[in-house]
Amino acid sequence: MSFIEQAAKIFSHTPEYKFQVVLFGRDAFYIEGARPIKIDEKEMIFKIPNGLISLVGEGMTVKELSDDTAAIVGRINSYTVTDL
């Protein structure tokens, strides 16, 4: 069971999760339920159900990547969730 799934138990009254993100300070970002669209050291974009998540930062690199999960390290300046 992932960290996100464990946290979801705490929020069991919340509707089903379609995607999850965890920001560790400004130095790391973890995302589940998303597919990468663009990956470079200054901007990363991920497709989520009915939307996009954009990361903006400096020196960002992907430490781990699968079909729907990514772990990113580097200076995270901002992230936004946009509905499509």
Side-chain angles (χ1 to χ4, degrees):
M1 180 180 306
S2 74
F3 168 77
I4 299 300
E5 290 170 329
Q6 291 174 354
K9 286 183 178 181
I10 296 169
F11 304 109
S12 60
H13 63 281
T14 305
E16 180 182 342
Y17 292 100
K18 302 293 182 196
F19 68 93
Q20 300 83 36
V21 299
V22 178
L23 180 62
F24 297 93
R26 290 189 168 272
D27 301 314
F29 187 86
Y30 177 79
I31 185 167
E32 286 183 355
R35 294 185 156 212
I37 294 176
K38 176 184 179 183
I39 294 181
D40 70 34
E41 66 181 33
K42 293 188 181 223
E43 181 181 39
M44 296 190 186
I45 301 173
F46 296 88
K47 173 76 173 96
I48 57 172
N50 301 315
L52 297 172
I53 292 182
S54 301
L55 292 175
V56 175
E58 301 165 22
M60 296 187 300
T61 59
V62 175
K63 284 294 189 180
E64 194 172 314
L65 183 64
S66 70
D67 287 343
D68 67 348
T69 303
I72 294 119
V73 296
R75 176 71 178 174
I76 312 296
N77 293 329
S78 68
Y79 80 93
T80 58
V81 179
T82 305
D83 291 329
L84 294 180

Under 3.5 Å, side chain of Arg75 to main-chain N/O of Arg26, donor-acceptor pair present?
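Not a single qualifying donor-acceptor pair exists.
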
Minimal non-hydrogen separation, [X] against [Y], with atom names:
| X | Y | answer |
| --- | --- | --- |
| Gly33 | Pro49 | O-CD, 3.7 Å |
| Phe46 | Ala70 | CE2-CB, 3.9 Å |
| Ser54 | Ile45 | OG-CG1, 4.0 Å |
| Gly57 | Asn77 | CA-ND2, 3.6 Å |
| Arg35 | Asp67 | CG-O, 3.4 Å |
| Leu23 | Ala28 | CD1-O, 3.5 Å |

With a 4.5 Å cut-off on side-chain heavy-atom distances among I, L, V, M, F, W and Y, is there a chain of contacts connecting [X] to [Y]?
| X | Y | answer |
| --- | --- | --- |
| Ile37 | Leu84 | yes |
| Val21 | Val81 | yes |
| Phe29 | Val56 | no |
| Met44 | Val73 | no |
| Leu65 | Ile76 | yes |

Can you tell me how far CD1 of Ile39 sits from CG of Leu55, rounded to the nearest 0.5 angstrom?
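Separation between the atoms: 9.5 Å.
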
From CD1 (Ile31) to CD (Gln20), nearest 0.5 Å
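Answer rounded to 0.5 Å: 9.0 Å.
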
Kindly determine whether Ile72 and Val62 satisfy side-chain contact (heavy atoms from CB on, under 4.5 Å), including the steps that lead there.
CA-CA 4 Å; Ile72 294 119; Val62 175; 4.3 Å; yes

Residue pairs, two or more places apart or on separate chains, that pass salt bridge (Lys or Arg N to Asp or Glu O under 4.0 Å) and touch residues 39-65
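Every salt bridge (Lys or Arg N to Asp or Glu O under 4.0 Å) pair that includes a residue of residues 39-65, provided the two are not neighbours, is Lys38-Asp40, Lys38-Glu43.
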
